[in-house]
Amino acid sequence: MNLEGQYDPKKVEDKMYKLWEDSGFFNPDNLPTDKRGKGKGKSFTIIMPPANANGNLHAGHALVMTIEDIMTRYKRMQGFRALWLPGLDHAGFETQVVYEKKLEKEGRSRFKMEPQELYNEIMQFTLENKKNIEGQVRKMGASCDWSRQKFTLDPDIINTVYGTFEKLKKDGLIYRGKKIINWCVKHQTSLSDLETKDTEKVDKLYYLKYGPFVIATARPETKFGDKYVVMHPKDPRYAQYKNGDKLSLEWINGPIEASVVKDEAIEMEFGTGAMTITPWHDAVDFGIAEKHDLPKEQIIDFYGKLLPVAGEFAGMKISEARPRIIEKLQAKGLVEKIEENYKHIVKTCYKCDSLIEPQIKEQWFLKMEPLAKPIIKAIETGKVKFIPEHYKKISLHWLKNIMDWPLSRQIVWGIPIPASPADKPGEVETFDTWFSSGQWPFATLGFPESKDFKTFYPTDVMETAGEIIFFWVARMMMLGFYITKKLPFKTVYLHGLVLDAKGQKMSKSKGNVINPLDITDKYGTDALRMGLVMGNTPGQSLALDENKIKGYKNFANKIWNASKFVLISTQNFTAVKKVALSSTQKEHLKNLKTLQKEVTKLMDDFKFYYAAEKIYHYFWHEFCDKIIEESKKDIASHATQYLLLEILSASLKMLHPFMPFITEEIWGQLPAKNPSTSLRASKNLLMVESWNTTG
RNA sequence: GGACGAUUAGCUCAAUUGGCAGAGCAUCUCAUUUACACUGAGAGGGUUGCAGGUUCGAGUCCUGCAUCGUCCACCA
């Protein structure tokens, strides 16, 4: 009897993980083939969202590991050939940003480094993190198949990515366009719309005299080249002006000739209802210029400084130039009024919060509409199931309004875009990192020829954060379907954010970050896993309270002690053919079976929070508080001992997906295979035991 | 401006899809070494955000409103 004292996770976890890993059962090819369960050797696949190899495991990862491990262990016990394929993402821009911060601390800068030198350093950094994260994933008890682990920069993955790019090109879906993009001046790269965020800013709104018109602008520094004044065709105030009218007027640096353009894009209510356009530095203006075939001129360079067109202001930064330009305009009597406290929304870089400067740049774009079409249909006809369901609407809305995807990033850390005629010789152009991760399910399984692809694709469940539904999930569906003609997964399960105990978003600046490894150290992995799954409905954010986890540590100890009692009390238990159960005992077994059915259904419905609660409640308040207490009256009875062993073993099975370490440890100490009960402990690991086989 | 979610015990959340509103934590009372004090027995705590409607029956379905949150599109 080794169940001494209290449950000590430290004595069990590392040892147990090694035992599992050495068993080879994380690899579905090694699973026992004599399964009788529901799965009967069918495959079950989850591709792990590849963790960014640029830091440590955070609470969100811990949640991913917990939910996906629960699914995988459950299906494995049901007799499926369960594959959970782990991976890591080079996470292009994200990682480069992390590394740049590191460089900054060391007083260095990426712009003073040779691209290859920078690439090599980041690779080194990434490989170190990769090792780190692999250890942390193991610590969470993840039963994933390490032999199939993939990294987004593996040669075969890169090949797949290039193959997709070629095919897209051949089908006319890739084009090189000179379009307006989001430019981060600090990071010196373009960003997709998803990589920018909106920030409210208070500025001044300047009303400037532009010939007979008054135009409102918050950005006078972009106005040097403005030669078109636009108004709504139905605006009665400007009825006298016709599209194409020319007029001469005095502007910032002298007289110019301007033309009138009429366009519905103008809001009559805003400002004066008339505006000039700067197609190079504003998305709306760009659209108007495209529509009317107007010339576009760059005013601000890629470092945020004014170009020679600004005359005396050339070379100045925006912040420096703006007040001086206004001074000059005031001196010329061209400022009608200045509205203070003008609140508006500006785009900022989602990493560094600096203002996005829209720029026109030649880039690779992917036409999304043809890719989105079949996915819209698939979602509408229910070919893919969303959990929770409302993500269906969210996805459809996005897909139906989809924009072309700018694929180019001006960073070294990533997969280089092949044969890229970059704007300047020597300029780097790599794929947006989501272009490679968007191909993850089929790329990791070795599309098109490998046996794995044929066996495990399409995958069963894509479990990831609701936050990245557009970034990743939608794109995986589009690229996956485009390449393989099949949707990459049948079910999308989206979890919410993990928040701190007060429901606040965790952030380094707030200092409320909960490190899952600290929790594991303090309370054990099983307790953390329970804390992450209990009360966690899909899609909803979860407040992670340390007290809650402490409660599940107590539960682990409860399991430990109850098992101890059962094992000590049944030391002399011997098998007989017929067990003479009392009617109460029969009732207990019947209730157990009912519970098994309920839990199985809840697991099948992805209601892990509810299944966990059922088992928890049953084990503690039914088995421990009632059945064990009752048993003390006639603990010597054969039937009583049989009942205790039966319920204990069935409970361990149901608990295993949630609390794998403690249940496996106790399972190993149950009496050896016994023909009169369903116990068959000595040969098999619990992780490959059959899910429901009591009675 | 559009969409989506949330609103249930002091706190965090359930309620297996229309059938007796329930858990954990917290609080209070009792038990005092029991397999387990990381414990046990019990108690208090609710007009399910508001106003209507459908129904034998509504936390659940319908309509409107309020508050909080998230996402999308945007005004120079």
Side-chain angles (χ1 to χ4, degrees), chain A residues 1 3 5-7 193-194 197-198 203 205-208 215-220 222-223 226 229-231 265-278 281-285 288 342-345 347 388-398 401 403 466-467 469-470 496-497 499 501-503 505 523 527 530-531 534-537 539-569 597-599 601-602 604-605 607 609-614 616-617 620-621 624-625 628-629 631-632 635 644:
Chain A
M1 179 59 220
L3 298 166
Q6 294 177 357
Y7 173 59
D193 286 336
L194 292 173
K197 58 179 185 185
D198 296 338
D203 273 314
L205 185 66
Y206 306 96
Y207 286 78
L208 307 178
I215 58 154
T217 182
R219 301 203 57 193
T222 65
K223 296 283 150 200
D226 287 14
V229 58
V230 194
M231 55 219 80
I266 299 297
E267 289 284 336
M268 283 190 261
E269 291 75 29
F270 187 88
T272 59
M275 71 169 195
T276 61
I277 55 165
T278 314
H281 299 290
D282 184 281
V284 175
D285 295 4
I288 293 172
Y342 168 61
K343 273 188 204 164
H344 62 149
I345 306 292
K347 274 190 182 181
E389 225 171 321
H390 73 261
Y391 275 104
K392 180 175 166 174
K393 278 188 202 168
I394 295 175
S395 313
L396 280 174
H397 181 259
W398 189 74
N401 296 288
M403 312 248 269
E467 274 186 305
I469 184 162
F470 306 137
L497 291 171
L499 308 172
K502 289 177 198 154
K505 200 167 172 171
Y523 305 104
M530 283 297 271
M534 287 280 258
N536 187 358
T537 39
Q540 293 294 110
S541 55
L542 171 80
L544 189 59
D545 188 344
E546 208 173 309
N547 277 324
K548 187 175 160 190
I549 294 160
K550 202 169 152 190
Y552 297 121
K553 180 190 190 307
N554 295 352
F555 180 52
N557 201 47
K558 188 77 184 176
I559 298 172
W560 189 255
N561 282 298
S563 302
K564 183 161 59 177
F565 175 80
V566 172
L567 287 173
I568 290 170
S569 313
K597 271 188 203 149
E598 282 173 349
V599 168
K601 181 163 192 315
L602 290 169
D604 288 338
D605 291 344
K607 294 183 177 174
Y609 59 99
Y610 204 8
E613 195 189 307
K614 287 260 182 200
Y616 173 92
H617 194 262
W620 199 316
H621 301 297
C624 294
D625 291 350
I628 288 186
E629 288 309 316
S631 78
K632 288 177 183 170
I635 193 66
L644 292 180

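Naming convention: chains lettered A, B, ... in sequence-line order (proteins, then strands); numbering from 1 in each chain. Keep in mind that the numbers below use all heavy atoms, side chains included, and drop hydrogens, waters and symmetry copies.
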- Task: Specify the residue among A:T537 and A:Q540 whose closest nucleotide of RNA chain B lies further upstream toward the 5′ end.
- Result: A:Q540

Report all interatomic pairs (protein N or O, nucleotide N or O of nucleotides 73-76 of chain B) with separations under 3.5 Å.
residue, atom, partner, partner atom, Å
B:rA76, O2', A:A216, O, 2.9
B:rA76, N6, A:E267, O, 2.7
B:rA76, N6, A:F270, O, 3.1
B:rA76, N1, A:E267, N, 3.3

Mind calculating the distance between [atom1] ([X]) and [atom2] ([N]) to the nearest angstrom?
X	N	atom1	atom2	result
A:I469	B:rG5	CD1	P	13 Å
A:L567	B:rA35	CG	C1'	10 Å
A:H397	B:rC4	NE2	P	9 Å
A:L542	B:rU12	CG	C1'	9 Å

Separation between the [atom1] atoms of [N] and [M], rounded to whole Å:
N	M	atom1	answer
B:rC20	B:rG59	C1'	14 Å
B:rG40	B:rA26	P	13 Å
B:rU29	B:rA51	P	37 Å
B:rG5	B:rC61	P	11 Å
B:rG64	B:rA15	P	26 Å
B:rC50	B:rA9	P	11 Å
B:rA73	B:rG10	P	41 Å
B:rC25	B:rG19	C1'	30 Å

- Taking only side-chain nitrogens and oxygens of A:Y609, does any of them come within less than 4.0 Å of OP1 or OP2 of B:rA15?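 Answer is yes, contact under 4.0 Å.
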
- Does the side chain of A:K558 get closer than 4.0 angstrom to OP1 or OP2 of B:rU39 through an N or O atom?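 A:K558 to B:rU39 OP1/OP2: no side-chain N or O under 4.0 Å.
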
- Contact class for A:K550 (heavy atom, under 4.0 Å): base, sugar-phosphate, or nothing? nothing

- Query: Under the 3.5 Å rule, do the base of B:rA3 and the side chain of A:K393 count as making a donor-acceptor pair?
  - Reply: no

- Check whether the side chain of A:E629 and the base of B:rA41 form a donor-acceptor pair under 3.5 Å. no

- Message: For A:K564 and A:N561, which I'm curious about, is there any donor-acceptor pair between the side chains at under 3.5 Å?
- Response: yes

- Query: Where does RNA chain B form stems of at least three consecutive Watson-Crick or G-U wobble pairs, each pair having both distances below 3.5 Å?
  - Reply: B:1-7 with B:66-72, B:10-13 with B:22-25, B:27-31 with B:39-43, B:49-53 with B:61-65

- Message: Taking NZ in A:K632 as the centre, count heavy atoms belonging to other residues, nucleotides or ligands within less than 6.0 Å. Is the count above 12?
- Response: yes

- Message: Are there over 12 heavy-atom neighbours, none belonging to A:K197, within less than 6.0 Å of that residue's NZ?
- Response: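 Counting other residues, nucleotides and ligands, NZ of A:K197 exceeds 12 neighbours.
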
- Would you call A:K601-A:D604 a salt bridge at under 4.0 Å N-O?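 Salt bridge: no.
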
- Identify whether the distance between the nearest side-chain nitrogen and carboxylate oxygen of A:D282 and A:R219 falls below 4.0 Å. no

- Message: Suppose we screen for side chain to side chain contact (heavy atoms under 4.5 Å, CB included). Which residues come up paired with A:S631, at least two apart in sequence or across chains?
- Response: A:F565, A:I628, A:I635, A:T640, A:L644

Collect all protein-nucleotide pairs involving nucleotides 24-30 of chain B in which both atoms are nitrogen or oxygen and the distance is under 3.5 Å.
residue, atom, partner, partner atom, Å
B:rG24, OP1, A:H621, NE2, 3.3

- Item | Among B:rC72, B:rU16, B:rC4, the nucleotide that comes nearest once only the side chain of A:H390 is considered | B:rC4

- Item | With sequence neighbours excluded, residues passing side chain to side chain donor-acceptor pair (under 3.5 Å) with A:E267 |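 With neighbours one apart ignored, the set is empty.
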
- Contact pattern, 5' to 3', of nucleotides 66-71 of chain B - B, S or - by protein heavy atom under 4.0 Å: -----S

- Query: Under a 90° cut-off about 0 for the syn range, is B:rU17 syn or anti?
  - Reply: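 In terms of base orientation relative to the sugar, B:rU17 is syn.
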
- Task: Identify the residue among A:W560, A:W620, A:Y7 that makes a side chain to side chain contact (heavy atoms under 4.5 Å, CB included) with A:F555.
- Result: A:W620

- Message: Can you confirm if the NZ or CZ of A:K548 lies within 45° of the ring axis of A:Y552 and under 6.0 Å from the centre of its six-membered ring?
- Response: no

